[in-house]
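Worth knowing before you read on, the calculation uses all heavy atoms, side chains too, and leaves out hydrogens, waters and symmetry mates. If you read the sequence from its start, that first residue is 1, and numbering goes on from there.
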Amino acid sequence: MAGFINFLAGAGFVAAMLGIGALFERDRPERRMLSDIVGMLARLARASEAAGKAPTPENRSQMIAARRALADATKTAYATLIEKRSHGRARTRYTLRTAAVLSLVNQLSMAIIAARGSEMEATARQLDAIAAAYMTRARRPSDAASDDSGAHEPDRLVARLAAAMWPSSSAADTAGDALPDTAHDAVFSAGLVKRIARRLVLGREVVISAVRLSLCMGLAVAVSRQIPGDHSYWLPMTVAIVLKPDFGSVFLRAIHRSLGTLVGVAIALSLAAVVPKGLAFIPVIMVLCAFIPYAVLRSYAVMVTFLTPVILLMIDLVAPGPAASYDIQRLADTIAGSVIALIFGYLIWPRSQEKELGKAFADTMLKVGAFLAAATVPKPEDETGLAQLRQTLLSSEFTASRALSDLRTVLGRLVAEPPPAGREAASWFPAVAGAERLSDAITVYAEGRRLGDPPPDAERAQRAQAALAAIAGVGKPADEANGREKDDHFGEVEAEIAWIRSYLKRRPGTKQAQPTSPEPVLR
């Protein structure tokens, strides 16, 4: 009973501290999120200018990294916004404004990529000023005060972004009232039955993950009953952490937890040998806890290295007897739990990285193909149709970017697996990089279409779309791609499609494996 009361007291203290912080600045996490995204736009602008003026490998890598970081952050922001909106029945001024800001972020990223090589330092400085002012609740920067239709496209969008982040109350109310009732319902809301059904639908991977976890937890509890000690829950807890259903690398997490625990136990034993037991442990625990937030950013193993001695010293502080017995028990339970997770949650199950990555790549190419299809439709004659074209381009570009972000996540997880699985996954790296270059080339072309450029001739567009469909495995195998047909922006798209098709035929692990050719220059 005393332990339960102590637990409630600790939980209440943490909740009280969080509540006090929320009273002073309730929207700080969201404000930080948007501020960071605007800062990423500034880095993308500088990287775009550098890559266009001096297309060295370093500059190209920096631009790719900046674009990836922005795409990942924007995807997370949309997911956060949808999750927040799903808990409320009515649209709020916050969700409307944030959705408008994220939409402008997508437009601005397209304009920055399309303007590669242009002078972007002034744009980057404006974005940095907006990010800093928004985070500190300062006034809107004066250098982003007007939306001049004759200005440079990125600068015009920066002005619109600033106006969306610092709206007047009347303008915000008018904008909210002017929106039709169905403007955001499809994205941010749904009926109660639909929401519940959507959350209850389980995919094959979820079911398999649940079966693995239940099997290993049953074994862990059975084994823990046979091991003497006061903290037998450590063994099933290790299994649960290693096999937690976030679809990360089980192998890597088991190794990291075992190594981190081993080093952490050594640190705890060393500290217990030189620091007198009692209140002297408190400052040591405080110092170790101060390193945990930084350790989390490095790796799971480093985090466990600092967390393990904190837990052991806290147990030693209140438990009678020497600390060594708990240290050894912690290490033995962790290793036993990791072994159970590796054998019964990983090794005995059939795995096919080739099939999983191939499916993820095909799904991504379908979304990139939809982006290309939206960018090659004939230009509407009326303003309504033109506005719809621009919105379709923006939506399909974001969908493609999100799919590429998910593909990189899958690839990064599978590459961490031990050989030969890791080597198989690594052979997909050039193909994924080619898909990202293709998306960039379509973005440059789509930005021109959004501003009024004509589409390519119908047969040329159909050939490119058919080639993409063949790559995704949903169309007839097309004839060998001719690559760039003309020296224009759409020619860049054709060249990237041809390179991806060529690489997939030569990729290591396929029947026609050949040495890979160098990647094309990012223009």
Side-chain angles (χ1 to χ4, degrees), residues 1-8 10-11 14 209-246 248-273 275 277 281-282 284-286 288-289 291-293 295-296 298-348:
M1 186 63 181
F4 179 69
I5 294 176
N6 289 335
F7 175 81
L8 288 181
V14 172
S209 177
V211 172
R212 291 177 181 176
L213 180 59
S214 61
L215 171 64
C216 292
M217 287 296 290
L219 290 172
V221 172
V223 172
S224 66
R225 293 294 184 91
Q226 309 302 318
I227 299 178
D230 299 328
H231 293 79
S232 57
Y233 63 87
W234 277 338
L235 200 157
M237 181 182 71
T238 296
V239 170
I241 292 174
V242 172
L243 291 176
K244 65 178 181 177
D246 62 354
S249 172
V250 171
F251 179 83
L252 195 63
R253 194 155 48 215
I255 298 300
H256 279 198
R257 185 166 180 84
S258 298
L259 292 178
T261 301
L262 178 63
V263 178
V265 166
I267 294 174
L269 288 173
S270 301
L271 291 173
V275 179
K277 181 176 180 179
F281 276 5
I282 295 178
V284 176
I285 293 173
M286 292 173 63
L288 291 171
C289 287
F291 284 99
I292 291 178
V296 171
R298 304 301 299 175
S299 72
Y300 182 57
V302 179
M303 187 269 287
V304 173
T305 298
F306 286 96
L307 184 61
T308 297
V310 168
I311 294 174
L312 294 175
L313 290 177
M314 290 177 66
I315 293 175
D316 191 30
L317 188 63
V318 298
S325 59
Y326 296 108
D327 296 347
I328 301 303
Q329 183 186 351
R330 172 83 172 189
L331 181 60
D333 288 348
T334 297
I335 293 177
S338 297
V339 170
I340 290 175
L342 281 175
I343 295 177
F344 298 97
Y346 178 77
L347 293 177
I348 67 172

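When all heavy atoms of V304 and R257 are compared, the closest pair comes out as CG1-O, 3.9 Å. When every heavy atom of L213 is checked against every heavy atom of V239, the shortest pair comes out as CD1-O, 4.4 Å. Residues V310 and I292 come closest through the heavy atom pair CG2-CD1, 4.3 Å. The two residues D316 and K277 have their closest heavy-atom pair at O-CE, 2.7 Å. The shortest non-hydrogen separation linking W234 to R330 is NE1-NH1, 3.0 Å. The two atoms that bring L313 and L271 nearest to each other are CD1-CD1, 4.0 Å, heavy atoms only.
The shortest distance between side-chain heavy atoms of T238 and D333 does not fall below 4.5 Å. Counting heavy atoms from C-beta outward, I267 and T308 have side chains that stay 4.5 Å or more apart. Put simply, the side chain of I241 reaches to within 4.5 Å of the side chain of Y300, judged on heavy atoms.
Put simply, CG on L312 and CE on M314 are 11.0 Å apart, with the number rounded to the nearest 0.5 Å. The line from CZ of F251 to NE2 of H256 is 9.5 Å long, rounded to the nearest 0.5 Å.
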Which pairs of donor and acceptor atoms, one on a side chain in residues 336-345, lie under 3.5 Å apart (sequence neighbours left out)?
residue	atom	partner	partner atom	Å
S338	OG	S258	OG	3.1
S338	OG	T334	O	2.9

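Relative orientation of the F306 and F291 rings is parallel, given thresholds of 30° and 60° on the angle between their planes.
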Test log, rule side-chain contact (heavy atoms from CB on, under 4.5 Å), inputs I282 and L317: CA-CA 9 Å; I282 295 178; L317 188 63; 4.3 Å; yes
